[in-house]
Amino acid sequence: MVVAANGDAPTAPTLLVADPDEDVIQELAAALEREGVEVTGVTDGAQALLQAGALHPDVVLVGATLPTIGAVEFVRAVRLARSVPVLLGVGEGHAEQAVQALAAGASACVARPYRVLELLPFIQAASHGGETRKVLNVGSVELDVHAYQVRVAGHAVHLPLREFELLHYLMRNADRTVTREQIMRNVWHSADGTSTNTIAVHVKRLRARLGDEDDQLIQTVRGVGYRLITPA
């Protein structure tokens, strides 16, 4: 399946998407079409390898649960031949695949369901000859958005995907109070399907992993939500 945007324009950036869900590919392709990106979609790893060799796309996006040839094996195989940026689409429960894929040479992990605004910087940078990297810093906490890495005072801290996304959201809104409803929408992508207790449990675990024993980094705003504080 090929969905082309501005097919007559030779300078259109190109993306190869390998995902087991064809509906996901179609939805992403339709969204990227509006941004001038040419998308080729396949539903298994064997097809992805063939298309990667034939099309030489600017960026490859592979789902963590890719069939036939798995995502990690795909990354290893591509890295033997090409230096194309490879993004791994991960959801809840895919932390192990993320670690293995990054070790095998994946460029970064991105959230699945896919978000156009998260993918576009990679596509645009790669089509102009380079990759982009975004690192957030709040006090001693450093979060590398695209490498799916967190460091506290220089020491690597492993976070499950949901806690990583929660920290990312809080750091993007540092020193601002975010409500539980905003966290539900932006981290869990749900307007009403996530209980406040679930959020509280994840915040508690995140504090423990970051060494925030006195709740000085992530503060609870009673009755409202949470605020991540930049140290003075």
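Since this is a predicted model, take the numbers as computed values, not measurements.
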Please find the pair of heavy atoms, one from [X] and one from [Y], that lie closest to each other, and give the distance.
| X | Y | result |
| --- | --- | --- |
| Ala48 | Ala18 | CB-CB, 3.7 Å |
| His168 | Leu136 | CD2-CD1, 3.6 Å |
| Asp21 | Asp23 | OD1-N, 2.9 Å |
| Leu117 | Pro121 | O-CD, 3.2 Å |
| Ile123 | Pro13 | CG2-CB, 3.6 Å |
| Leu228 | Met171 | CD1-CG, 4.0 Å |

Starting at [atom1] of [X], measure out to [atom2] of [Y] and round the result to the nearest 0.5 Å.
| X | Y | atom1 | atom2 | answer |
| --- | --- | --- | --- | --- |
| Asp175 | Gln219 | CG | CD | 9.5 Å |
| Glu38 | Asp58 | CD | CG | 9.5 Å |
| Leu143 | Arg172 | CG | CZ | 10.5 Å |
| Thr43 | Leu66 | OG1 | CG | 8.5 Å |
| Ile218 | Ile229 | CD1 | CD1 | 10.5 Å |
| Leu61 | Leu16 | CG | CG | 8.5 Å |

For the pair Glu27 and Arg112, find out whether any cationic side-chain nitrogen is under 4.0 Å from an anionic carboxylate oxygen.
-> no
Could Asp215 and Arg207 be called an ion pair, given the rule that one side-chain N must be under 4.0 Å from one carboxylate O?
-> yes
Side-chain contact test, heavy atoms from C-beta onward, threshold under 4.5 Å: evaluate it for [X] versus [Y] and give yes or no.
| X | Y | value |
| --- | --- | --- |
| Val60 | Val75 | no |
| Val62 | Asp19 | no |
| Val150 | Asp144 | no |
| Leu28 | Val39 | no |
| Val138 | Pro231 | yes |
| Thr40 | Leu55 | yes |

List, by chain and number, the other hydrophobic cluster members for Val221, where Ile, Leu, Val, Met, Phe, Trp and Tyr join if side-chain heavy atoms come within less than 4.5 Å, directly or indirectly.
-> Val224
side-chain contact (heavy atoms from CB on, under 4.5 Å) evaluation trace for Glu35 with Leu120 = CA-CA 8 Å; Glu35 304 295 336; Leu120 277 177; 3.7 Å; yes
What donor-acceptor contacts under 3.5 angstrom involve side-chain atoms of residues 84-103, with partners at least two apart or in another chain?
| residue | atom | partner | partner atom | Å |
| --- | --- | --- | --- | --- |
| Glu92 | OE1 | Arg162 | NE | 3.1 |
| His94 | ND1 | Gly91 | N | 2.8 |
| Glu96 | OE2 | Gln100 | NE2 | 3.1 |

List the steps, then state whether side-chain contact (heavy atoms from CB on, under 4.5 Å) holds for Leu15 with Phe122.
-> CA-CA 10 Å; Leu15 173 70; Phe122 288 104; over 6 Å; no
Is there a chain of hydrophobic side chains (I, L, V, M, F, W, Y, each step under 4.5 Å between heavy atoms) that links [X] to [Y]?
| X | Y | answer |
| --- | --- | --- |
| Leu50 | Phe74 | no |
| Val203 | Leu206 | yes |
| Val72 | Leu49 | no |
| Met184 | Val201 | no |

Quick one: side-chain contact (heavy atoms from CB on, under 4.5 Å) partners of Glu73, sequence neighbours excluded?
-> Ile69, Arg76
Give a yes or no answer on whether the side chain of Glu163 reaches the backbone of Pro160 with a donor-acceptor pair at less than 3.5 Å.
-> no
Sub-3.5 Å donor-acceptor pair from the side chain of Gln216 to the main-chain atoms of Asp214, do we have one?
-> yes
For Arg151, which residues count as a side chain to side chain donor-acceptor pair (under 3.5 Å) partner, sequence neighbours excluded?
-> none
Arg176 meets the side chain to side chain donor-acceptor pair (under 3.5 Å) criterion, sequence neighbours left out, with Asn173
Ring pair (Phe, Tyr, Trp, His ring centres under 6.0 Å) contacts touching residues 197-228 (sequence neighbours left out) = Trp188-His202
